[in-house]
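Heads up: the structure comes next, in structure tokens.
Everything numeric in this text was worked out from a predicted model, so none of it was measured. Order of the sequence lines fixes the chain letters, A, B, ..., with proteins taken first and strands second; residue numbering starts at 1 for each chain.
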2 protein chains.
Amino acid sequence: MTTIRDVAKLADVSVATVSRVLNQTGNVSPKTLQRVEAAISQLNYQPNDVARSLFKGRSKMIALFVPDIMNPFFPELARAAEDVASKHGYTFVLCNTDGDGEKELTYLKALKQKSVDGIIIVSSTLSKDAMAHLDLPIIALDRKIGTNIAAVTVNNRKAAQQAVTHLQEVGCKRIAHIRGPQGASNAEDRMAGYIDIVGQTDWFNPSFICEGDYTADHAYKAALDLLQQHPEIDGIFAANDLMGVGVLKAAAALGKKVPDELAVIGFDGIALGEVTIPTLSTMAQPTYDIGARAAEMLIEHIDTYDLNRFVEPVEYEVKLIKRQSTERRTNDDK
Amino acid sequence: MTTIRDVAKLADVSVATVSRVLNQTGNVSPKTLQRVEAAISQLNYQPNDVARSLFKGRSKMIALFVPDIMNPFFPELARAAEDVASKHGYTFVLCNTDGDGEKELTYLKALKQKSVDGIIIVSSTLSKDAMAHLDLPIIALDRKIGTNIAAVTVNNRKAAQQAVTHLQEVGCKRIAHIRGPQGASNAEDRMAGYIDIVGQTDWFNPSFICEGDYTADHAYKAALDLLQQHPEIDGIFAANDLMGVGVLKAAAALGKKVPDELAVIGFDGIALGEVTIPTLSTMAQPTYDIGARAAEMLIEHIDTYDLNRFVEPVEYEVKLIKRQSTERRTNDDK
DNA sequence: ATAGTCGATGTAACGGGTTACACGCAGCTT
DNA sequence: AAGCTGCGTGTAACCCGTTACATCGACTAT
């Protein structure tokens, strides 16, 4: 490995001057500049980022924590964040947490030892105190964490209201909800939106709300139970698309026709919803934009280097995408 | 930040002794050990990995290069590699290359400056010389690169033969192929397998092989053209599942019934194939295992620290999964 | 008793950039 | 001419672990 001292020797200057050339700090005379640049290219010198990081205490790395990259909602987020990171010269670290608080802490510790500059995190388990002890720029994504950590989210509650209203508009009389995991702010908000619309109806029944964990399998089973126990249900709002697909499968397994006997709407807008049969209506998030924005915010936060500055949270709008699973029935009513 | 010198001072020993405790190298008396451990926990000391990396020239980081994490085949690979990395105490860096050689080189340079310990790469563009100049442990994944870089792949050619044979068995008389991108070894091998089976038939026609780039959109268009130009085609082997889904959409758009008028089989075994209608038959790769194995091999390679050691390539078996898109017709023939 | 061995521990150099501080010198002010 | 400013540059300390080498005492071998 060639070092800055090799370059200095060849250019017959001091290491300080080479460093000044590299970082374009301080004044360097044109002649010297040229000599140094020649030496650099002659030796094909590339500065050692580790040494730089050691001195600076910063590493030009950011990390993204997701529950599981195999869940199709996250790759787009990851792609966006990585694009932004690399555009700004940052290296991108990916961590799968499985929604496990222990794992999150282990990763955080390891990354801190590596002087990672900041974190974007999708989590519902990380406690606020754990974050407080951690003096690292953090942006919460998709789900809020406490109140003083900046978050990039969507208007979950309003979007959920829209979704349920849409089901009503296509003729649904008994609408159930398969919710996301306890403690996830987006799951709570989506459920709240559901309740906003149907909570006061005469038919509403708390058992119309099923636990879910954002996976298709679990939703499949939940929907089977639900539909068998309450055959009168003619609309389901799933808190994400993956669970929406699970519901479609359950309906198929029970011989319930979608959308005629059961309308289904999901949330997220993943590509998967376009290739199922029937295709899945959904409340689509601007996923790439959200991921990119979170990364931009994080990097800006890092660059301003002001750990205590308040970072404004951002909320995006969600868009209703009507597909076959909620196609208005020609003649409905029971 | 508390440093090793703080710990040394508190425990009233030298930094060397603290280092010995941390790394369990050399001999430390029980009493001293205890004092040092007490000091470490009292100060909540965590060693600085950057300093360690600088001295050692290694960073305990590995990177995975994929064309695009949004392609559903890659998240599973990434998940597997990350699991293995983190199990071994490595940090996992993800790079999206878009199959762009320039981007690959830029990433490689940046990672080398960070003393990344090794790379797993899915690439068909990286030249062998570029790799040769790079003295970093590398494992090729999914696609081979040259002949002297260890690779973890599947038996693409044989699997392709199986896929095409399966189409024949369900009654297909005219089988087309939508191939992967030029230069990708797996695309070439899969095409070769296709030709092995149908190349000598009297009906075979080179125009039955369409260019593809492993995306659904492109395959959709290619399949539209193909089916319109050659209405006699009754079977399509798509070089990956995403393109298989594109073919299904094209068939739907043209009103061709799958599997009765057109049987379709893909390659990869991504979850997507289970939720389309009809569900997509495929040659399923043991994707997680492949990713995990590549990571294990890389880390073993790094640990033995023997850059010139020959690493044995590994080839996995692919499994035919029959689904609706190739369900045997009750009474076929033209 | 003396040399040799081994365990326990400390000192200081090292890895490779960065930068505070100092110095020399040219040009300008008064 | 003395004093000041500012550019261009070099020296060396610093970031923080790691480890080669040295030291010292205790114990074993002869």
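Taking 4.0 angstrom as the limit, A:Lys56 places a side-chain polar atom (N or O) nearer than this to OP1 or OP2 of C:dT19. For C:dG10, the OP1/OP2 oxygens have a side-chain nitrogen or oxygen of B:Thr17 closer than 4.0 Å. Contact annotation: B:Tyr45 does not reach the phosphate of D:dC16 (side-chain N/O to OP1 or OP2, under 4.0 Å). Note on B:Ser14: a side-chain N or O is less than 4.0 Å away from OP1 or OP2 of C:dG10. Note on A:Ser29: a side-chain N or O is less than 4.0 Å away from OP1 or OP2 of D:dT9.
Between the base of C:dG17 and the side chain of A:Arg5 there is a donor-acceptor pair shorter than 3.5 Å. Taking 3.5 Å as the limit, the base of D:dG17 and the side chain of B:Arg20 contain no donor-acceptor pair of atoms between them.
Rounded to a whole Å, the CG atom of A:Asp12 is 14 Å from the C1' atom of D:dG8. Rounding to whole angstrom units, CZ of residue A:Phe55 and C1' of D:dG17 are separated by 17 Å. For the pair A:Met1 CE and C:dG17 C1', the interatomic distance rounds to 13 Å; values are reported in whole Å. The distance between atom CD of A:Gln34 and atom P of D:dG8, rounded to the nearest whole Å, is 15 Å. If you measure from atom CZ of B:Arg35 to atom C1' of C:dT9, you get 11 Å, rounded to the nearest angstrom. A straight line from CG of B:Leu54 to P of C:dC14 spans 14 Å, rounded to a whole angstrom. We find that NZ of B:Lys60 is positioned 16 Å from C1' of D:dT18, with the value rounded to whole Å. Here D:dA12 presents its C1' atom at 14 Å from CD1 of A:Ile4, a figure rounded to the nearest Å.
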Hey, mind stepping through A:Leu54 and A:Val50 against side chain to side chain contact (heavy atoms under 4.5 Å, CB included) and telling me if it holds? CA-CA 6 Å; A:Leu54 175 59; A:Val50 179; 5.7 Å; no
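Between C:dG17, C:dG10, D:dC16, one nucleotide has an atom nearer to the side chain of B:Asn48 than all others, and that is D:dC16. Distance from the side chain of A:Val28 is smallest for D:dT9 among the nucleotides D:dT18, D:dT9, C:dG17.
Within the nucleic acid shown, A:Thr3 comes within 4.0 Å of sugar-phosphate atoms alone, with no base atom in reach, counting heavy atoms only. Contact annotation for B:Thr32: backbone-only contact, meaning every heavy-atom pair under 4.0 Å involves sugar-phosphate atoms and none involves a base. Counting any heavy atom pair closer than 4.0 Å across all strands shown, A:Val18 reaches no nucleic acid atom. Base contact: B:Asn27 has a heavy atom under 4.0 Å from a base atom. Among the atoms of the strands shown, none is found under 4.0 Å from any heavy atom of B:Val50. Heavy atoms of A:Asn23 sit under 4.0 angstrom from primed sugar atoms or phosphate atoms, though from no base atom.
Contact check on B:Arg35 versus B:Asp12 returns no salt bridge, with no Lys/Arg side-chain nitrogen under 4.0 Å from an Asp/Glu carboxylate oxygen.
Remark on DNA chain D: of its neighbouring residues B:Ala51 and B:Ala16, the 5'-side contact belongs to B:Ala51, judged by nearest-heavy-atom nucleotide.
A donor-acceptor contact shorter than 3.5 Å is absent between the side chain of A:Asp213 and the backbone of A:Pro181. Looking at B:Thr125, its side chain never comes within 3.5 Å of a backbone N or O of B:Ser123 through a donor-acceptor pair.
More than 12 heavy atoms of other residues, nucleotides or ligands sit less than 6.0 Å from atom CD of A:Glu315. Residue A:Gln182 places its CD atom among more than 12 non-hydrogen atoms of other residues, nucleotides or ligands, all under 6.0 Å distant.
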